[in-house]
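Just so it is clear: chains get the letters A, B, ... in the order the sequence lines come, proteins before strands, and each one is counted from 1. This structure is a prediction, so every number in the text was calculated from the model and none was measured.
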Amino acid sequence: AQKITQTQPGMFVQEKEAVTLDCTYDTSDPSYGLFWYKQPSSGEMIFLIYQGSYDQQNATEGRYSLNFQKARKSANLVISASQLGDSAMYFCAMRGTGRRALTFGSGTRLQVQP
Amino acid sequence: DGGITQSPKYLFRKEGQNVTLSCEQNLNHDAMYWYRQDPGQGLRLIYYSQIVNDFQKGDIAEGYSVSREKKESFPLTVTSAQKNPTAFYLCASSQYGGPGSYEQYFGPGTRLTVT
């Protein structure tokens, strides 16, 4: 079974500052993928970034980077230079080798303050 | 434009009625998924389909049914057996493959309210 844990129900950050959203995972699959999605108040799910379990380098996509620490089973999302439009729910998710569907965490609500 | 459409955006039903939520994709993806989201919570998998005419139960399939007669369509029926059907329902699709970077694309969701 796969499990994703996001321990921060809510986070505040000042505009233009960086913020780290925590994610830990548990799986027995030898190969897996980790994803981060953003959900604005409209409800749509927006894909942000992906990290494969065998990727040697941490993934980056623009202002988003994923701090992947395999031994600690953590996949934290770092958002640099926060913008007001970053205010949303953020979900960490994973996919293993057995089931192709994603397993999601409970999410972190990020609020960016001017 | 390629994407996933779900209709309607808001749906209201009386208790005891079955209701079908539509999901259509033109991304030529093999796999499609249905998730349920309750307020303040993450997404939970209801059903998924990796290929036409085949589908698998997810973690919370009781009270739901699906069909996959066409590659682009994956409708979800919420039956009267579902004890607490009021929720936000999201449909997604992806290429079918290993755990690699085949991210799931999501539709805009249907908010179902049953009274």
Side-chain angles (χ1 to χ4, degrees), chain A residues 1-10 21 23 25 27-55 59 61 64 66 68 75 88-109, chain B residues 3-6 8-11 21 23 27 29-51 54-61 66 74 87-112:
Chain A
Q2 299 164 359
K3 186 176 180 181
I4 295 283
T5 302
Q6 295 180 254
T7 58
Q8 307 156 313
L21 306 184
C23 172
Y25 61 91
T27 181
S28 56
D29 287 341
S31 178
Y32 49 89
L34 295 155
F35 302 77
W36 277 92
Y37 282 83
K38 172 183 177 181
Q39 186 180 42
S41 57
S42 57
E44 65 199 286
M45 295 289 285
I46 302 168
F47 167 72
L48 295 178
I49 197 167
Y50 164 83
Q51 178 83 44
S53 59
Y54 287 109
D55 292 344
E61 289 287 348
Y64 304 107
L66 200 153
F68 180 49
M89 284 289 289
Y90 288 82
F91 291 96
C92 180
M94 76 178 298
R95 175 194 293 142
T97 51
R99 191 171 80 172
R100 303 296 188 265
L102 295 174
T103 299
F104 284 84
S106 56
T108 295
R109 180 171 298 281
Chain B
I4 301 175
T5 57
Q6 291 185 245
K9 190 171 177 67
Y10 298 94
L11 192 54
L21 282 59
C23 177
L27 300 166
H29 285 165
D30 294 309
M32 296 187 74
Y33 314 83
W34 274 105
Y35 294 91
R36 169 184 171 135
Q37 186 179 28
D38 292 288
Q41 298 187 30
L43 281 65
R44 293 183 290 167
L45 181 69
I46 304 173
Y47 268 98
Y48 65 104
S49 168
Q50 294 169 343
I51 196 169
D54 183 60
F55 46 83
Q56 308 293 328
K57 291 182 179 179
D59 301 318
I60 55 166
V66 294
F74 192 40
F88 186 50
Y89 291 87
L90 286 153
C91 178
S93 71
S94 72
Q95 295 284 24
Y96 176 62
S101 60
Y102 296 130
E103 74 264 23
Q104 290 185 12
Y105 293 81
F106 283 82
T110 292
R111 201 167 295 277
L112 174 65

| Contact part of A:S42 toward chain B, heavy-atom cut-off under 4.5 Å: side chain, backbone, both or neither? | backbone
| request: Determine yes or no for a side-chain-to-main-chain donor-acceptor pair under 3.5 angstrom, with B:Y35 supplying the side chain and A:L102 the backbone. | output: yes
| task | Pick out which of A:Q39, A:M45, A:E44 makes a side chain to side chain contact (heavy atoms under 4.5 Å, CB included) with B:F106. | result | A:M45
| Near A:F68 CZ, under 6.0 Å, is it more than 12 heavy atoms from other residues, nucleotides or ligands? | yes
| message | At a heavy-atom distance under 4.5 Å, which candidate from A:G107, A:G43, A:S53, A:A93 has the highest pair count against chain B? | response | A:G43
| request: Heavy-atom distances under 4.5 Å only: say whether B:Q104 touches chain A with side chain, backbone, both or neither. | output: both
| task | Could you tell me which portion of B:L90 (side chain, backbone, both or neither) has an atom closer than 4.5 angstrom to a non-hydrogen atom of chain A? | result | side chain
| query | Do A:F35 and B:E103 have side-chain heavy atoms sitting under 4.5 Å apart? | reply | yes
| task | Give, as side chain, backbone, both or neither, the part of A:Y54 having an atom under 4.5 angstrom from any heavy atom of chain B. | result | neither
| With a 4.5 angstrom heavy-atom cut-off, which part of B:Q56 approaches chain A: side chain, backbone, both or neither? | neither
| message | So for atom CG, which belongs to B:L27, do other residues, nucleotides or ligands contribute more than 12 heavy atoms lying within a distance under 6.0 Å? | response | yes
| query | When heavy-atom pairs shorter than 4.5 Å are enumerated against chain A, which of B:Q37, B:K9, B:R44 gives the highest number? | reply | B:Q37
